[in-house]
Every structure is written in C-alpha cells, then in structure tokens.
Amino acid sequence: MSTIELTKDNFDEIVSGNDFVLIDFWAEWCGPCKQFGPVFEKSSETHEDLVFAKVDTEAQPELAQALQIQSIPTVMIVRENIAVFAQPGALPAEALEDVIGQARALDMDEVRASVSDAQQAEQAQGEQGQQAQSS
C-alpha cells in the first residue's frame with residue numbers, strides 16, 4: 001500500500017477510520033527525512049493491512065503543532081485513536097519493523113484502561129488544585 005498524505009482536513013477521518021496508522025512527520029528540506037522516506041515506503045509495502053501516512057510539517061504546521069511534533073522526522077503510531085508510539089529520528093528498517101511488531105502486540109484493552117486511569121488521576125489532581133486555590 002502506498003502512503004497517504006495527511007492534512008488538517010483529512011486527519012480525523014483517516015486516523016479515526018482506521019485501527020492502526022503509522023505517521024511520518026517530515027519536510028522537504030530535512031536530510032534525515034529524505035533518508036527515512038524509502039524505509040517508510042518499503043515498510044508500507046510489507047504491511048498492506050496497516051495505513052501509512054505522511055505529514056509535511058511545512059505544509060501542515062497546525063497539525064504538527066497540535067500533535068506537539070518538535071523535531072523531524074518523527075514517527076507516530078496511532079492504534080484505535082490512541083497514540084501508542086511517537087519518537088523523533090530516522091529509524092533503520094529493523095527498528096521500524098520492531099516498533100510495528102510491538103505496537104501490533106499491544107493489548108489495547110490494557111492501553112485504554114491505562115489512559116483512563118491517567119486521565120482520572122489528572123482530573124483528581126486538577127480538582128485538588130482548585131480546592132486549594134479556593135480555600
């Protein structure tokens with residue numbers, strides 16, 4: 001499968017409409033991005049059941065900012081609408097395959113429970129802060 005270009009207009013549709021999306025954040029001027037591009041493309045041909053997408057950070061600065069991308073290339077994996085991996089740097093082919101394997105092996109019920117626990121803890125911490133301010 002070839003890669004899809006993600007934009008702020010199609011991001012939500014692509015990511016929420018697919019269970020497993022790999023995203024390569026890149027820019028034309030970035031040397032490491034150009035080195036990583038063929039690795040990402042080749043992996044997309046190996047894993048035809050997954051969605052491989054690219055975000056040109058120069059053309060989509062709002063998207064890169066919203067996802068807190070601070071350096072490129074950055075690879076992100078989103079499973080079932082949860083970002084389960086994000087790492088800057090050009091990965092060698094073996095490392096990318098390893099990351100994909102690890103992401104495939106995740107128990108998404110456990111991931112969702114962990115995210116829920118973290119959100120509840122954050123909310124409780126915020127409520128404690130508000131109570132302390134009002135006393």
### Task
Quick one: do Phe25 and Leu6 satisfy side-chain contact (heavy atoms from CB on, under 4.5 Å)? Show the steps, please.
CA-CA 10 Å; Phe25 293 87; Leu6 281 184; over 6 Å; no
Is there side-chain contact between [X] and [Y], with at least one heavy-atom pair below 4.5 Å?
X     : Y      : answer
Ile77 : Arg104 : no
Phe11 : Ile23  : yes
Val39 : Pro92  : no

Approximate separation, where rounding is to 0.5 Å, of [X] [atom1] and [Y] [atom2]:
X     : Y      : atom1 : atom2 : value
Trp29 : Glu58  : CH2   : CD    : 6.5 Å
Gln70 : Gln65  : CD    : CD    : 10.0 Å
Leu63 : Asn10  : CG    : CG    : 8.5 Å
Phe20 : Ile100 : CZ    : CD1   : 6.5 Å

Test your reading of the model: is there a side-chain donor-acceptor pair from [X] to the backbone of [Y], 3.5 Å cut-off?
X     : Y     : value
Ser44 : Glu41 : yes
Thr57 : Trp26 : yes
Arg79 : Val84 : no
Asn18 : Val21 : no

### Task
For atom CD of Glu62, decide whether the heavy atoms of other residues, nucleotides or ligands shown that lie under 6.0 angstrom number more than 12.
yes
### Closest approach of Ala90 to Pro73 (non-hydrogen atoms, all atoms of both residues)
N-CG, 3.6 Å
### Query
Looking only at heavy atoms, which two atoms of Phe40 and Leu22 are closest? And how far apart?
CZ-O, 3.6 Å
### Query
disulfide bond (SG atoms under 2.5 Å apart): which pairs involve residues 30-127, sequence neighbours left out?
Cys30-Cys33
### Query
Charged N to carboxylate O under 4.0 angstrom, Asp117 versus Arg112?
no
### Query
Is it true that Lys54 and Glu5 have a side-chain N and a carboxylate O under 4.0 angstrom from each other?
no
#### Entry: Phe52 and His47 aromatic ring geometry - parallel, tilted or perpendicular at 30°/60° bounds
parallel
### Query
Can you list the steps and then say if Val115 with Ile82 is a side-chain contact (heavy atoms from CB on, under 4.5 Å)?
CA-CA 9 Å; Val115 168; Ile82 299 171; 4.2 Å; yes
### Query
Leu91 and Phe36: side-chain contact (heavy atoms from CB on, under 4.5 Å), yes or no, with the steps?
CA-CA 7 Å; Leu91 297 173; Phe36 180 64; 4.0 Å; yes
### Query
Are a donor atom and an acceptor atom from the side chains of Thr74 and Gln87 found within less than 3.5 Å of each other?
no
